[in-house]
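To start, the structure itself, in structure tokens.
Hydrogens, waters and symmetry mates play no part in the numbers below; they use all other heavy atoms, side chains included. Chain letters run A, B, ... following the sequence lines, proteins first and then strands; every chain starts at 1. Here the structure is a predicted model, which is why all the values come from computation and not from measurement.
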Amino acid sequence: MSSRILIVEDTEDNMRIARDLLSSAGYELLEAMDGAAAVTMAALHRPDLILMDIQLPVVDGYEATRRIKANAELRAIPIIAITSYALSGDDVKARAAGCDAYIAKPYSPRMLLAEIRKILNRSDPL
Amino acid sequence: MKSLLVRLVSRVPARVETKLLASFLTIVVLLIVLGAVGLRVLSGVNQRTVELVKLQRKIAAYRQVQHDTTNQLYSVTSALLLADQRSLDAALRRVSQFGYDLERLQFVAKDEVELLGQVRQEYDRFVDVARRVVELIRGGNVAEAREVHLAQAAPLADRLERLTNQLVNRAEASMVAGIDASEQAYVVSQLTVIAFAIGSIVLALALGYAISWSLIGPVAEIDARLRQVAAGDFTGRVRVANRDELGALAANVNRTCEELARLYQQLEAASRHKSEFLANTSHELRTPLNAILGYAELIEDNIYGEVPDKIREVLNRIQSNGRHLLGLINDVLDLSKIEAGQLSLSIADYSMKEVVQTVVTATGALADEKNLAFSTMISEDLPVGEGDERRITQVLLNLVGNAIKFTEAGGIAVRALAENGAFEVAVSDTGPGIPPEEHQRIFEEFRQLDSSSTRTKGGTGLGLAISKKIVELHGGRIWVDSDPGSGATFHFTLPVRMEVMEDAV
């Protein structure tokens, strides 16, 4: 059974790149366009991993991460933050919010895939 | 009290020139008055001297009269004894000589008129008696003459002597009084001149003090204000009470400061806006570029189907140009963040060895492409460092990238060691080298050795400026050793632990 990944991303192109990359790698995908939707989707579908963009409308990635990590049932889901190069100290903030890993934009899809595999292999008892 | 005088002079609504002229004139007037007082004192002394001389002459004249009286008596007496023609003539001559002396005496002394009148009367009588005595002798009546002489001439002569004695005494007394008065007058004049001189000196000093401090005070205040401005503090005002050129100068300084403060604020705002604009713009530029590079990589990885070789080649060019553009945008963004003071370091433990290896791995292919030898020398016992690993990697990547970019033959060497609590990293190349006058300038923004190299070698010319800022933010130092024609070695130092450096600074 393939792992389920929740992609939280508000820009069309980034979403499509992640979608094309991960679906071709055989993952099952869930998509959310903002932080509030991400929290709802996470609670509803219990994904194996969340790819969280930090700059999101309404509820940003930090806040969404904090809310998910505050939920005892969802706490185990690894979250990879996608931080923006433009804002300094994002990596520190991402870790503070509870992210398990972070990747800075611009990311190479190849490297993102490698990171996702690493984390899923680590957390997945399979 | 003194400051009151200074303030008073400051507030006089006159030009500095006028004030100075007025004070000099005052001093000159004081000098003239002092001179006049001195002259008056001198003329007083002179007058008294003249009077004393007169008194002296009078005394001499009185003495002469006294002397004459004695002579008279003597000549008449000897005429009586000898009773010859010659003695008689001499006696008569003496009598008229006495008369002449008396005339002179009258001219000299006007204040003892009464006494002199008596002298004259006594004298007239005496002359009459003397003439009678002489006539009696000539007539042969020597015995009668002797009688007349004893009975009349001798007592008259005694009285005359007494009177003239009185005259002499009186004149001598007034002479003593005159000398006393002169001495007193001298003391008074001395005191007057000294008092006047001291008064003038005090007044001149006070005037000089007030004038100079009314000038020095504002100058010192303006100087202090300008120092503050030079140090970048535009707030505050010069407070100068003067209504002269210095007051105008102070007002001008205040106006200039206000204008400078206004311009400085505008400049700061403009600079901030520029940095914000650059940060925003580069962020906006990067978003679509990221998508382009992302899609290109997906295509390259055959996610959308097998890619023909011909398209793959073009795809590589799209990717390399895209990465170059991204590098340029990142440089501009970095620099604008540094200039806006927004670049903060993410301090964490790192391994310098890993940093060097990361850079070597990332650039090895480039060196191979140009057939450059690439050697690394890393000390075995490098301690764990503390700093922003990503930024330090960026610095080393920039230096090694530059070395490869500018070297056409030979090789690159990277050395890393730790000494005295600091890492020292050196990147050497066998490129064209850098002339000494450029050693500082290449670390400034938008500087490349040869502006044509921007075209041929690529790059924004921002890499070294950014590297310098990053190294300095860590508390380290970056510099270059090079001679044209014999390659270049870029060095940078970083404190191993951040707080160690802070202590040392």
> Of the backbone (N, CA, C, O) and the side chain (C-beta and beyond), which part of B/L345 lies under 4.5 Å from a heavy atom of chain A, both, or neither?
Replying inline: neither
>> Would you say that more than 12 heavy atoms from the other residues, nucleotides or ligands in this model lie under 6.0 Å from the NZ of B/K468, or not?
In response: no
> For B/G294 and A/P109, which heavy atoms make the closest approach, and how far apart are they?
Replying inline: O-CG, 3.7 Å
> Roughly how far, to the nearest 0.5 Å, is OG of A/S108 from CZ of B/R323?
Replying inline: 8.0 Å
> Is atom CD of B/E313 surrounded by more than 12 heavy atoms (other residues, nucleotides or ligands) closer than 6.0 Å?
Replying inline: no
>> Would you say that more than 12 heavy atoms from the other residues, nucleotides or ligands in this model lie under 6.0 Å from the CD of B/Q266, or not?
In response: yes
> Would you say the side chains of B/Y295 and A/D13 form a donor-acceptor pair under 3.5 Å?
Replying inline: yes
> Would one find more than 12 heavy atoms of other residues, nucleotides or ligands at under 6.0 Å from atom NZ of A/K69?
Replying inline: yes
>> Take a 6.0 Å sphere around OH of B/Y304 and say whether it holds more than 12 heavy atoms from other residues, nucleotides or ligands.
In response: yes
>> So which atom in B/I303 and which in A/S24 form the shortest heavy-atom distance, rounded to 0.1 Å?
In response: CD1-OG, 3.0 Å
>> If you compare all heavy atoms of A/R110 against all heavy atoms of B/E297, which two are closest, and at what distance to 0.1 Å?
In response: N-OE2, 2.7 Å
> What is the minimum heavy-atom distance between B/L298 and A/L21, and which atoms define it?
Replying inline: CD2-CD1, 3.6 Å
